[in-house]
Amino acid sequence: MKKKIDAVKRYLSDQFTGRYIEHQADFDRNAQTFKVHLQEGTLLLKVSDELLRDNTPSDIRLRLEDAAVGGLLWGLKGTDRGLLVASTGATEFPRG
């Protein structure tokens, strides 16, 4: 699973150059949580364990690119919303 998590972190690092990317497992939601720390706040991404389990690291990156996750996260800057990426696609959710 580490290589798959690293694939998400590399994607986020490419999208948010120079930003600190934090990772935590979210066992309650069967997902992995990634926080992108900006000067203006934090962007929240959750990637389902199912998507990670069922795809190779390169396929995970393609899924993130196809869903335009970087742009979607930038669009959530300054809001109280996060982004969940699962096998079915990307959806926003309320934080907190």
Side-chain angles (χ1 to χ4, degrees):
M1 183 73 93
K2 182 180 179 339
K3 289 181 181 181
K4 296 177 179 192
I5 290 167
D6 287 345
V8 176
K9 290 175 81 171
R10 276 192 303 277
Y11 172 80
L12 291 172
S13 291
D14 290 346
Q15 297 295 307
F16 303 95
T17 305
R19 309 295 189 202
Y20 175 66
I21 310 295
E22 179 183 350
H23 164 256
Q24 294 178 314
D26 185 345
F27 298 107
D28 293 335
R29 298 207 169 123
N30 295 319
Q32 301 298 311
T33 299
F34 299 87
K35 294 179 182 178
V36 180
H37 294 278
L38 308 172
Q39 288 180 348
E40 307 85 9
T42 302
L43 303 175
L44 181 63
L45 171 67
K46 291 188 181 280
V47 179
S48 75
D49 287 342
E50 176 187 22
L51 185 141
L52 295 173
R53 183 181 59 247
D54 294 347
N55 291 278
T56 65
S58 59
D59 288 338
I60 291 166
R61 183 173 181 103
L62 288 173
R63 294 300 256 337
L64 297 173
E65 289 171 353
D66 288 347
V69 167
L72 292 172
L73 280 173
W74 273 119
L76 296 176
K77 186 172 104 177
T79 72
D80 63 348
R81 314 278 299 163
L83 187 69
L84 170 66
V85 180
S87 296
T88 55
T91 53
E92 292 181 23
F93 64 90
R95 295 172 72 163

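Predicted model only: the values in this text are computed from it and were never measured.
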ILVMFWY network linking Ile21 to Leu44, side-chain heavy atoms under 4.5 angstrom: no
Residue pair Gly82 / Arg95: nearest heavy atoms and the distance that separates them: N-CG, 3.6 Å
Contact summary for Leu72 and Ala90, nearest pair of heavy atoms: CD1-CB, 4.0 Å
For Trp74 against Leu38, the heavy-atom pair lying closest together: CZ3-CD1, 4.0 Å
Cluster link Leu51 to Phe27, ILVMFWY, side chain under 4.5 Å: no
Donor-acceptor under 3.5 Å (Lys77 side chain, Leu43 main chain): no
The single option from His23, Gln24, Lys46, Glu22 passing side chain to side chain donor-acceptor pair (under 3.5 Å) against Thr33: Lys46
Intermediate values then yes/no, side-chain contact (heavy atoms from CB on, under 4.5 Å), Glu92 and Leu76: CA-CA 9 Å; Glu92 292 181 23; Leu76 296 176; 3.5 Å; yes
Distance-minimising heavy-atom pair for Leu64 and Tyr11: O-OH, 3.5 Å
Rounded distance (nearest 0.5 Å) linking atom NE2 of His37 with atom OG1 of Thr42: 5.0 Å
side-chain contact (heavy atoms from CB on, under 4.5 Å) between Arg63 and Ile60, intermediate numbers included: CA-CA 5 Å; Arg63 294 300 256 337; Ile60 291 166; 5.6 Å; no
Asp14 with Arg61: basic N within carboxylate O range, under 4.0 Å: yes
side-chain contact (heavy atoms from CB on, under 4.5 Å) between Val36 and Leu45, intermediate numbers included: CA-CA 8 Å; Val36 180; Leu45 171 67; over 6 Å; no
Over all atoms of both residues, closest heavy-atom pair of Leu83 and Leu73: CB-CD2, 3.9 Å
Charged N-O contact under 4.0 Å between Lys2 and Asp6: yes
Separation between CG of Leu12 and OG1 of Thr17, rounded to the nearest 0.5 Å: 11.0 Å
For the student: nearest non-hydrogen atoms of Leu52 and Gln32, plus distance: CD1-CG, 3.4 Å
